[in-house]
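Have a look at the structure below, then the notes.
Here is the naming used below: chain letters follow the sequence lines, and residue numbers restart at 1 for every chain.
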Amino acid sequence: MKQHKIKLGVSLYSFSTEFISDQLDLEGVLKRANEMGYKGVEIVAAQMVPEYPYPSDEWLEYFAGLLKKYDLEPVCWSAYIDMGTRSDRDLTREEIIQCTVNDLIYAKKAGFPLVRTQHAISPEIFRAMISWCKRLDMKLAIEMHHPHHFDVPLWQEYFSVMRGEGKGVLGFVPDFSIFQYRPHQLFLNQAIELGFRSDRLAAVVDNHQTGVPKETAIESDFSAVEREITTEIYEKFNRPARVEQLQEYLDCIFYIHGKFYYLPDDRHDPCVPYEAILTTLRDGGYEGYIASEYEGHHFDADIDSVIQLQRYVAMNNRILNEQEA
Amino acid sequence: MKQHKIKLGVSLYSFSTEFISDQLDLEGVLKRANEMGYKGVEIVAAQMVPEYPYPSDEWLEYFAGLLKKYDLEPVCWSAYIDMGTRSDRDLTREEIIQCTVNDLIYAKKAGFPLVRTQHAISPEIFRAMISWCKRLDMKLAIEMHHPHHFDVPLWQEYFSVMRGEGKGVLGFVPDFSIFQYRPHQLFLNQAIELGFRSDRLAAVVDNHQTGVPKETAIESDFSAVEREITTEIYEKFNRPARVEQLQEYLDCIFYIHGKFYYLPDDRHDPCVPYEAILTTLRDGGYEGYIASEYEGHHFDADIDSVIQLQRYVAMNNRILNEQEA
Amino acid sequence: MDFQAYNKILICDDEVVNVRVDSVTIGYEFKIKYPSYRGVFLSCIEALDFYVDGRKLDKNTIIFYLNGKQFLLEELPELFKEYWFISDKATIRVIDPNGIAAGPHEVRVFMRHRVPYTGYFGEYLVLDSDESKTLTVSDQQEVSL
Amino acid sequence: MDFQAYNKILICDDEVVNVRVDSVTIGYEFKIKYPSYRGVFLSCIEALDFYVDGRKLDKNTIIFYLNGKQFLLEELPELFKEYWFISDKATIRVIDPNGIAAGPHEVRVFMRHRVPYTGYFGEYLVLDSDESKTLTVSDQQEVSL
Ligand SMILES: [Mn+2]
Ligand SMILES: [Mn+2]
């Protein structure tokens, strides 16, 4: 049994299917997280905060009370930089500052020590948040999500801010979507439902994995839908991030999104290299939370999130506790 | 004692001072109207309807209940055409239709048979409202307010709609501001407060009344404020409407705004020719409501509206009941 | 192909209801939700079309109700401060003095909407949500917002 | 000279309040009302400036709270669907980690606003409401919206 201090939490976003279909309300989601044995939780504010983006103090207090009631630890308040909100222009510096400061304040009031923000915040504004974070005693971390990856020049700027003046209060949240190397089962099911012949789809996936160029993978009799989805497979699963890079930037990781889409069993994710990722984090000494972040609800509303999360936790524990690097 | 069927009502707008200073809420205003002996009332929706411009059915029912409670008759629901709402352009046809239909519906739900609208509705849209009025069994009337008057070409178009296809459902609401021929006392007080020397001001008012041209009335030692206010007096009180015109368009009058600004006693308005107006209406056979419409609150928040309204009612009754044409 | 599963929530199962003012029919209405896992400002809606029984509705006969307010469809792209919470239903009122006849009707909704946080390398992801559902008309009860 | 008397309601008598999050001061706030006898959409506000003790405040440090929402001053002219009811107070929050010191302060508000129904012959009436009032700071209690 390997020693480690990694904690498994859950992003309430994993219960999107149940939440958006009104099977579970926010309290129901928290109750479910607790019943499943989770302690640390993340909330996507734009999803589950009914008064968002301007929640009242009353609501924030009510929410802090709910977390206490279900014995949950507030770990991460997830905010967006909705840069493309307006039809006529991107958000301005002042608008980004306003929403980011708001989220820091809401998070603090609800008891969260960390706000997840996004790539579009810009290095200049990210830096400008340092004084707010220090005054409020809050941490702010940018999520690194596919299609971004470590080698995007913007991220090198972010890392230098995190390691410089922002040290201790500014960090990042890798999302394992950056490591996904092949389409997941729900994606494939959807492709077939949209008309992709299953044998051709299997061939495309195989060709993509073995390095056959897209032009060759697209056969002459492919329909428009088949061409489009083949292109999506080639563009989306281009594996830009290397697992070793997690080790390289470990000092900047405040929190982690354990992204997964569909687990056929409780041992192995066929699309994201969890074995390599988790042993790298463990052996590198990561001591924070990994949030279970189930995202199959983007593709199929009939999957039971609880079963997926149970498989996910089992898989993580198996790898973390048993597997050699 | 002259016979007539003119009724004196009140626009709740007359209680603006009390309402906006929170001395009276809507219920307080209704109670006061009832205590003063009024029966018919008008509400300026944008002023006193808290959920405006989208009042709920619940609120409209509550309001209808309040009117019943204070034994008041709903006479006129006053709507605006807020043509200049947007910074970038005027309202579109669709926007004007939307707000006008809304007001017809809200008014009906609250028990009002008539909606006051405004000059900017346009003859085309005014005409388009006929079918809505007929279906909803509602009347719609445009207020004629200073600086408009009977001879504005637009109004000749409106009259032809009212007398044509709109007969019976489309009409107008003359506001006696169109007859005002000299500045009222509160205007003069304000001018003095702003720095107009009182002897010079008196001379200007006198010159204006006796037909001395503005250029002569503005003396060489006038300050900027004195010049500006002199210009305002000459431009504003240019008496474009003739009282006889009321008689000419009597068939189109659905309702009347008895506009006044300050009554020094209960016998005579020094600025609006009430004697001529009221005897013309009476002898012409007008049988509808004249709303007491006190507007001194635009100039002085320390005037007691109740006293002004009491003087107004007494003056009207005196003229209507005693005065020969 | 992300987000596709959320399209299923676009048209709500609520019945279509005729809208009357006293006894006067002024139209009918049904309900929709924002097809995503999260809320956005209405300005993210780039196009919104409605079809009933195969016929495209005139946009000037449609009123969009949300947050206690009314909007015309043309206003939606400008409403950058009007948030559509993911659990809130918007009411789509169709102004039509004939109302809608009893029985089933096919309602189709096409919404083109921008995912506002997706501009990783410049372009935002714009989704087309195009759903149809057969809705029943309730028994002509008196209902209005 | 119409409307002038309403300017008196522009600045509310409410005390100025320091705003804290837990024990951290983030600014201070006071209240204003729309200086008219009737409500309008916020888009009728053409300019809005604030001065405290004679110093003009940086517009980027000010948040305008109304109808449960926050606005930046630059957004106001675009808010053609946000109604300011005449009885409702807007809260003006000034972001300032120093807060405001106890005692009296002179607050001045300048608002240029368009009267949206006045275009009788084309031009709308645009009013300048310019008011000052000495407000007291409450005893630093913990208050936030
Ligand atoms: Mn994530
Ligand atoms: Mn009037």
Side-chain angles (χ1 to χ4, degrees), chain B residues 13 15-17 19-22 25-26 44-54 78-91 95 118-120 143 145-148 152 154 183 186-191 193-194 228-229 232-233 236 261 295-303, chain D residues 1-14 31-48 67 73-89 112-131:
Chain B
Y13 165 79
F15 299 107
S16 287
T17 289
F19 184 77
I20 67 169
S21 65
D22 298 322
D25 60 8
L26 176 57
V44 173
Q47 177 176 39
M48 295 192 182
V49 177
E51 298 172 352
Y52 203 75
Y54 310 113
S78 268
Y80 291 95
I81 301 291
D82 280 336
M83 201 69 182
T85 287
R86 294 183 52 130
S87 303
D88 55 346
R89 60 162 173 79
D90 283 345
L91 293 193
E95 289 162 350
Q118 290 191 298
H119 64 95
E143 178 169 359
H145 192 286
H146 176 87
H148 271 194
V152 171
L154 178 66
L186 306 181
F187 181 104
L188 299 175
N189 296 350
Q190 199 173 71
E193 210 175 289
L194 288 168
E228 205 181 295
I229 295 175
E232 187 172 342
I233 289 171
K236 196 150 186 178
Y261 304 90
E295 193 163 290
H297 45 81
H298 272 250
F299 300 86
D300 189 334
D302 296 322
I303 306 290
Chain D
M1 301 197 303
D2 303 77
F3 294 95
Q4 292 303 314
Y6 308 124
N7 289 341
K8 294 209 174 124
I9 64 166
L10 176 56
I11 303 176
C12 301
D13 290 326
D14 303 60
K31 293 183 187 298
I32 66 173
K33 282 171 87 169
Y34 184 60
S36 176
Y37 67 90
R38 57 155 289 199
V40 294
F41 287 101
L42 290 180
S43 47
C44 291
I45 298 176
E46 301 193 344
L48 186 54
N67 300 339
L73 296 183
E74 290 198 339
E75 292 173 326
L76 301 180
E78 301 180 283
L79 298 170
F80 61 91
K81 296 296 274 191
E82 205 66 48
Y83 208 74
W84 193 353
F85 180 56
I86 197 67
S87 300
D88 286 346
K89 294 174 181 178
R112 174 162 291 163
H113 52 113
R114 193 168 58 250
V115 183
Y117 61 92
T118 53
Y120 287 91
F121 295 112
E123 288 291 285
Y124 297 100
L125 178 64
V126 175
L127 301 171
D128 284 350
S129 295
D130 192 345
E131 289 292 306

Set of residues satisfying ring-ring contact (aromatic ring centres under 6.0 Å, His included) with respect to D:Tyr83, sequence neighbours excluded
D:Phe41
Under the ring-ring contact (aromatic ring centres under 6.0 Å, His included) rule, collect the residues that match up with B:Phe19, sequence neighbours excluded.
none
Heavy-atom distances under 4.5 Å only: say whether [X] touches chain D with side chain, backbone, both or neither.
X	result
B:Tyr52	both
B:Leu186	neither
B:Thr85	both
B:Ala46	both
B:Ile81	backbone
B:Leu154	neither
B:Asp300	backbone
B:Tyr13	side chain
B:Ala45	neither

Over 60° means perpendicular and under 30° means parallel, so tell me whether [X] and [Y] are parallel, tilted or perpendicular.
X	Y	answer
B:Phe299	B:Tyr261	perpendicular
D:Tyr6	B:His298	perpendicular
B:His148	B:His119	perpendicular

D:Lys89 and B:Asp22 ion-paired at < 4.0 Å
no
Please rank [options] by heavy-atom pairs under 4.5 Å with chain D and give me the top one.
options	result
B:Ala120, B:Ala301, B:Pro53	B:Pro53
B:Val44, B:Thr17, B:Val49	B:Val49
B:Gln190, B:Glu228, B:Met48	B:Gln190

Side-chain heavy atoms of B:Asp88 within contact of D:Phe80, under 4.5 Å
no
Under 4.5 Å from a heavy atom of chain B, the part of D:Phe3 involved
both
Quick check: closest heavy atoms across D:Ser43 and B:Ser87, and the distance to 0.1 Å?
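Answer, listing the atom of D:Ser43 first, then B:Ser87: O-OG, 3.2 Å.
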With a 6.0 Å cut-off on ring centres, are B:His146 and D:Tyr120 close enough?
no
